[in-house]
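Below: one structure, written as structure tokens.
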Amino acid sequence: MQRYFAKFSPEENRFFITGEDCRHIERVMRMKEKDEIICVSEDQRTALCSIVQISTDEVIADVIQWKEGNVELPIDVTIVSGLPKGDKLEWIIQKGTELGAARFIPFTAVRSVVKWDEKKADKKLSRWCKIAKEAAEQSHRNRVPEVCHPVDVQSLIRLSEECDVKLIAYEEQARQGEEKVLASSLKQLEKGGSLLVVFGPDGGLTEQEVGKLIENGFVACGFGPRILRTETAPLYLLSAVSYQLELLR
């Protein structure tokens, strides 16, 4: 059954679907009135709905039944990625959304080969948001993760001030055999808490970047004895979060 994030009107007890989703229902799925879909409201509630009206610019669906349950991770996880080469960030956003990330923040690291072009910023950010939305629908999420405009390290430090736990995925820690920080950090997080983790670009983080983050409350950690790629490490982290906070509790 198709799933859509849409505007909900509590007075009318119905959803209003516009834009690309409207065109998808009308032209791609060729749905008709009385067909059923799943709609998710802005406050993360999910409902089984019946289509009552289809036009070229809007689909209206009445709520049949609200669904119970929440599939979101018990904590808010922010993935911070040094801008990587090619389409790796798109992969991180797509798969990270499927695994439950709440937010993605790209940042312009010293070793980022890709240089951020402000002239193409709106188009790029729009594509990232679309990828997150489609992945959230596919994985039956209750929310679409936020995808932020790329920031520098100083801005990242300001954005991280409200987070409960702030980690740096640092390959030097893995080489030195560090294996306790991630596990202990996850154990101290309670439901509703927040975790922010910084991942370097393809060339990794510099010692100066790591040092500056540590000075501002971040803790460097390893992700096991193997060295992970920049697009693999965030997925490792999210899987570890799910195991520790969902499967073990």
Side-chain angles (χ1 to χ4, degrees), residues 72-84 89 92-93 96-97 99-112 116 128 132 143 145-246 248-249:
E72 297 300 316
L73 286 174
I75 64 168
D76 189 283
V77 182
T78 298
I79 301 296
V80 181
S81 295
L83 284 171
L89 186 57
I92 292 169
I93 292 171
T97 296
L99 288 168
R103 189 173 300 100
F104 298 93
I105 305 177
F107 85 102
T108 51
V110 172
R111 291 176 178 162
S112 289
W116 183 248
W128 291 341
R143 65 187 287 192
E146 178 185 5
V147 183
C148 302
H149 188 283
V151 299
D152 57 22
V153 172
Q154 200 57 49
S155 298
L156 170 60
I157 290 169
R158 289 195 296 271
L159 288 171
S160 70
E161 290 176 355
E162 301 300 319
C163 291
D164 298 322
V165 176
K166 302 181 288 188
L167 301 178
I168 311 164
Y170 192 36
E171 62 270 18
E172 290 303 320
Q173 296 295 100
R175 290 192 181 101
Q176 295 169 18
E178 191 289 309
E179 56 184 22
K180 296 181 180 179
V181 172
L182 177 60
S184 62
S185 297
L186 294 182
K187 287 180 181 177
Q188 76 182 57
L189 281 164
E190 298 292 337
K191 184 177 181 180
S194 57
L195 169 68
L196 182 146
V197 187
V198 178
F199 301 88
D202 301 271
L205 297 166
T206 65
E207 291 184 8
Q208 291 75 19
E209 286 173 318
V210 173
K212 191 168 188 177
L213 291 171
I214 290 174
E215 288 174 5
N216 287 273
F218 287 75
V219 179
C221 67
F223 285 3
R226 292 162 293 281
I227 305 301
L228 305 178
R229 291 178 179 270
T230 186
E231 69 270 30
T232 309
L235 309 187
Y236 177 103
L237 179 276
L238 288 163
S239 299
V241 169
S242 176
Y243 178 74
Q244 179 67 44
L245 300 179
E246 291 182 317
L248 289 184
R249 294 186 180 180

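Just so you know, these numbers come straight off a predicted model, no measurement behind them.
The CG atom of Leu245 lies 5.0 Å from the CD1 atom of Ile75; values are rounded to the nearest 0.5 Å. Taking CD from Glu231 and CG from Leu89, the interatomic distance works out to 10.5 Å, rounded to the nearest 0.5 Å. Rounding to the nearest 0.5 angstrom, the gap separating the CG atom in Leu159 from the CZ atom in Arg103 is 9.0 Å. Annotation: the span from Leu237 atom CG to Ile79 atom CD1 amounts to 5.0 Å, rounded to 0.5 Å. Rounded to the nearest 0.5 Å, atoms CG (Leu205) and NZ (Lys212) are 13.0 Å apart. Tyr170 contributes atom OH, which lies 12.5 Å from atom SG of Cys221 (distance to the nearest 0.5 angstrom).
When all heavy atoms of Val110 and Glu209 are compared, the closest pair comes out as N-OE2, 2.8 Å. In terms of heavy-atom proximity, Thr108 sits nearest to Asp152 at OG1-CA, 3.7 Å. When every heavy atom of Gly222 is checked against every heavy atom of Leu182, the shortest pair comes out as O-CB, 4.4 Å. Across every non-hydrogen atom of Thr230 and Gly200, the tightest pair is OG1-O, 2.7 Å. Of all heavy-atom pairs spanning Ala109 and Gly82, the tightest one is CB-CA, 4.4 Å. Listed here is the closest heavy atom pair of Arg111 and Gly203: NH1-O, 3.1 Å.
Remark: the backbone N or O of Leu83 is paired with a side-chain donor or acceptor of Ser112 at under 3.5 angstrom. Between the Lys166 side chain and the Asn216 main chain, a donor and an acceptor come within less than 3.5 Å of each other. With hydrogens and angles disregarded, no donor-acceptor distance shorter than 3.5 Å links the side chain of Ser81 to the backbone of Phe199. Side chain of Ser239 to backbone of Leu235: a donor-acceptor contact under 3.5 angstrom is found. Side-chain atoms of Ser184 come within 3.5 Å of backbone atoms of Lys180 as a donor-acceptor pair (strictly under, hydrogens ignored). The backbone N or O of Gly204 lies less than 3.5 Å from no partner atom in the side chain of Glu171, so there is not a single donor-acceptor pair. In this structure, the side chain of Asp202 does not engage the main chain of Pro84 through any donor-acceptor pair within 3.5 Å.
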List the steps and the verdict of side-chain contact (heavy atoms from CB on, under 4.5 Å) for Leu195 and Asp164. CA-CA 6 Å; Leu195 169 68; Asp164 298 322; over 6 Å; no

Derivation of the side-chain contact (heavy atoms from CB on, under 4.5 Å) call for Leu186 and Tyr243: CA-CA 10 Å; Leu186 294 182; Tyr243 178 74; over 6 Å; no

Under the side-chain contact (heavy atoms from CB on, under 4.5 Å) criterion, do Leu99 and Val241 qualify, and how do the steps go? CA-CA 9 Å; Leu99 288 168; Val241 169; over 6 Å; no

Check the pair Ser185 / Leu167 against side-chain contact (heavy atoms from CB on, under 4.5 Å), numbers first and verdict last. CA-CA 9 Å; Ser185 297; Leu167 301 178; 3.6 Å; yes

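Here the side chains of Pro106 and Trp128 are in contact, with some heavy-atom distance below 4.5 Å. Considering only heavy atoms from C-beta on, Leu238 comes within 4.5 Å of Leu73 through its side chain. Inter-residue side-chain proximity for Phe104 and Pro234 is flagged as unmet; no heavy-atom pair is nearer than 4.5 Å.
Taking the six-membered ring where the residue is Trp, Tyr236 and Phe223 present parallel rings, their angle staying beneath 30° rather than reaching 60°.
By the neighbour-count criterion of 12 heavy atoms within 6.0 Å, atom CZ of Arg229 is sparsely surrounded, having that number or fewer from other residues, nucleotides or ligands. Sparse packing is recorded around CD of Glu162, with 12 or fewer heavy atoms of other residues, nucleotides or ligands lying under 6.0 Å away.
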